[in-house]
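We count residues from 1, following the sequence as given. The analysis underlying the following values was restricted to heavy atoms, covering all of them including side chains, and did not include hydrogens, waters or symmetry mates. For ligands, and for the atoms within them, numbers begin at 1 and follow the listed sequence.
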Amino acid sequence: MSYLDLVSLEKLEMAPAGFKPTVIVKVGTSSIMRERQDNPQAWNDPATAAGEGLNSSQGELALSTLALIVDTLIALKRAGFWVVLVTSGAVGVGCRRLGIKTRPSRIAEKQALAAVGMGRLMHHYEELFAIANESTALVLVSRSDFGKKSKFINIQNTLHELFKLGVIPIINENDTVTSNDFKFGDNDRLSALVAGMVFARYLFLLTDVDRLYTADPRNNPSAKPIETVVDLEELDLNVNSSGKGGTQWGTGGMETKLAAAKLATAGGSKVVIIHGRKPERILDFVLERENKIGTVFLGSRTPVSSARKLWILHGLVPSGGIEIDAGAVRAVINKKSLFAVGVRKITGTFFQDGAIRIFNKDGSEIGRAITNYDSSDLVKILGSKSNKIEEILGERAGPEEVVHRDNLVLF
Ligand SMILES: Nc1ncnc2c1ncn2[C@@H]1O[C@H](COP(=O)(O)OP(=O)(O)O)[C@@H](O)[C@H]1O
Ligand SMILES: N[C@@H](CCC(=O)OP(=O)(O)O)C(=O)O
């Protein structure tokens, strides 16, 4: 069965028979770059030796970490998993190659440096995997590739083919050609989309802290570690200090990791944040030899069950959103369509058939949808009964539901 067949299936409980459990490992720039070894002061620092709190300015590749990651991926593959490596680091490695000491801020410069660095980074991975006779394939993707259904399916099929060939896909954002408004910028969300695409059982986010804390542990010594997250909505975090990355090379910080966890767990994957210096623990975790590891976000007990909904959740880029009232929240939880009468507010602008965010009255995003009305029409009919739509919009009146239940996915 190919992914194309899957997408045409209305019901999709989980990766079907014949599909191996899949593990995605995402490696942040902060994990694969380190302080230069010829800086003895940093190297003698106990925190550095423990692999914590590295200041990766003047960074170079952390070769031992890279080798450990490769080793772990090979062990996972040989244990019967399909594996995908999502790697950051193109810009960082490009800087290193050209002797540039700080991460550039100009877009064109970053794109040029990514072009320099990606080939170099891939060369290192390729060489390391080749030692164990394993083949790799470079897959560079852009945000827009996930938004168009045909492209989404193409990437799925390519990955599936690579798995069947026994090749390990190595994925990064195509930084060199992607324009800024269509960029992920970090690879956390990208890895979550890939997890949804291949029905991954696990997504590991490797970074330069051992787990998620209640606040950034670099600036908050009293921050408490978080071991398991059952419900992301109930996380009590100091968001202001959780956003920005702790190193000059990383981009997303914890905010993008939480966004990734939200997406991937909704698709049924278990997400784990762990320290990049200890990738071998991944194997112990998936083989259930160890369960205390970093921060574990449990996969949803009711993962998105149709391929179409997976695509709405993972593929489309929402613009704007709507706030719905409590009755409408109950209705959509009960798998009903959404009507104008339950829409309270509109944020931003969106087009008919575009993807939107759905918020409850607390402002929490509860799902994604494809709307039958654009924002300028919806603002006129919100709160109205369906039989009034024609009266208000005249010829512009569309279907009685604002969002059909097949086009609505809750997190
Ligand atoms: N609540 C938090 N818990 C743990 N780390 C946090 C938190 N908030 C912010 N951070 C910072 O996030 C950084 C990791 O993000 P980033 O540098 O983007 O890593 P990567 O390159 O691995 O994606 C850590 O170094 C840490 O300082
Ligand atoms: N695609 C970019 C990723 C940028 C980045 O730093 O991401 P991350 O380290 O995952 O926060 C690169 O390869 O440099």
With atoms numbered from 1 as shown, which atoms in ligand 1 lie under 4.0 angstrom from a non-hydrogen atom of [X]?
| X | result |
| --- | --- |
| Asp208 | 13 (C), 14 (C), 24 (C), 25 (O) |
| Arg218 | 24 (C), 25 (O), 26 (C), 27 (O) |
| Gly28 | 20 (P), 21 (O), 22 (O) |
| Thr29 | 21 (O) |

N/O of [X] under 3.5 Å from N/O of ligand 2, yes or no?
| X | result |
| --- | --- |
| Ala90 | yes |
| Asp175 | yes |
| Val91 | yes |
| Gly89 | yes |
| Asp186 | no |

Heavy-atom proximity to atom 26 (C) of ligand 1, best of Asp188, Asp216, Asp186: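 Considering heavy atoms of Asp188, Asp216, Asp186, the nearest to atom 26 (C) of ligand 1 sits in Asp216.
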Give a yes or no on whether a salt bridge exists between [X] and [Y], defined as a side-chain N under 4.0 angstrom from a carboxylate O.
| X | Y | answer |
| --- | --- | --- |
| Arg281 | Asp210 | no |
| Arg344 | Asp325 | no |
| Arg97 | Glu60 | no |
| Glu323 | Lys361 | no |
| Arg218 | Asp208 | yes |

Candidates Leu159, Leu85, Ile155 - the one meeting side chain to side chain contact (heavy atoms under 4.5 Å, CB included) with Ile171: Leu159
Name of the residue among Asp216, Asp188, Val209, Thr295 meeting side chain to side chain contact (heavy atoms under 4.5 Å, CB included) with Met254: Val209
Enclosure of Asp231 CG (heavy-atom neighbours >12, cutoff 6.0 Å): yes
Residue Arg396 excluded, over 12 heavy atoms near CZ under 6.0 Å: no
Less than 4.0 Å is my threshold; does some heavy atom of [X] fall inside it relative to ligand 1?
| X | result |
| --- | --- |
| Lys26 | yes |
| Pro217 | yes |
| Leu206 | yes |
| Ala215 | yes |

Partners meeting salt bridge (charged side-chain N to carboxylate O under 4.0 Å, His left out) with Lys262 (sequence neighbours left out): Glu233
Mode of Met33 contact toward ligand 2 - side chain, backbone, both, neither (heavy atoms, under 4.0 Å):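 The answer is neither.
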Side chain, backbone, both or neither: the part of Asn172 lying under 4.0 Å from ligand 2 by heavy atom: side chain
Tyr373 side chain vs Gly398 backbone, donor-acceptor pair below 3.5 Å: yes
Backbone, side chain, both or neither: what part of [X] comes under 4.0 angstrom of ligand 1, heavy atoms only?
| X | value |
| --- | --- |
| Arg211 | backbone |
| Ala223 | neither |
| Val209 | side chain |
| Val27 | neither |

Polar contacts were defined as any N/O atom of the residue lying under 3.5 Å from an N/O atom of the ligand; does this apply to [X] and ligand 1?
| X | answer |
| --- | --- |
| Thr214 | no |
| Ser31 | no |
| Thr207 | yes |

Distance alone, cut at 3.5 Å: any donor-acceptor contact between the side chains of [X] and [Y]?
| X | Y | value |
| --- | --- | --- |
| Glu126 | Thr136 | yes |
| Tyr125 | Thr87 | yes |
| Ser376 | Asp374 | yes |

Parallel, tilted or perpendicular: rings of Trp82 and Phe163 (30°, 60°):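 Ring orientation of Phe163 relative to Trp82: parallel.
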Sub-4.0 Å heavy-atom contact, Met118 with ligand 2: no
Lys26 touching ligand 2 at heavy-atom level, < 4.0 angstrom: yes
Atoms of ligand 2, numbered as shown, that sit under 4.0 Å from any heavy atom of Gly28: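 That gives atoms 9 (O), 10 (O) of ligand 2.
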Numbered atoms and elements of ligand 2 in range of Thr29, under 4.0 angstrom, heavy atoms: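 Near Thr29, the atoms of ligand 2 are 5 (C), 6 (O), 7 (O), 8 (P), 9 (O).
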Residues forming a side chain to side chain contact (heavy atoms under 4.5 Å, CB included) with Leu298, sequence neighbours excluded: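 Leu298 satisfies side chain to side chain contact (heavy atoms under 4.5 Å, CB included) with Thr228, Val230, Lys270, Val296 only.
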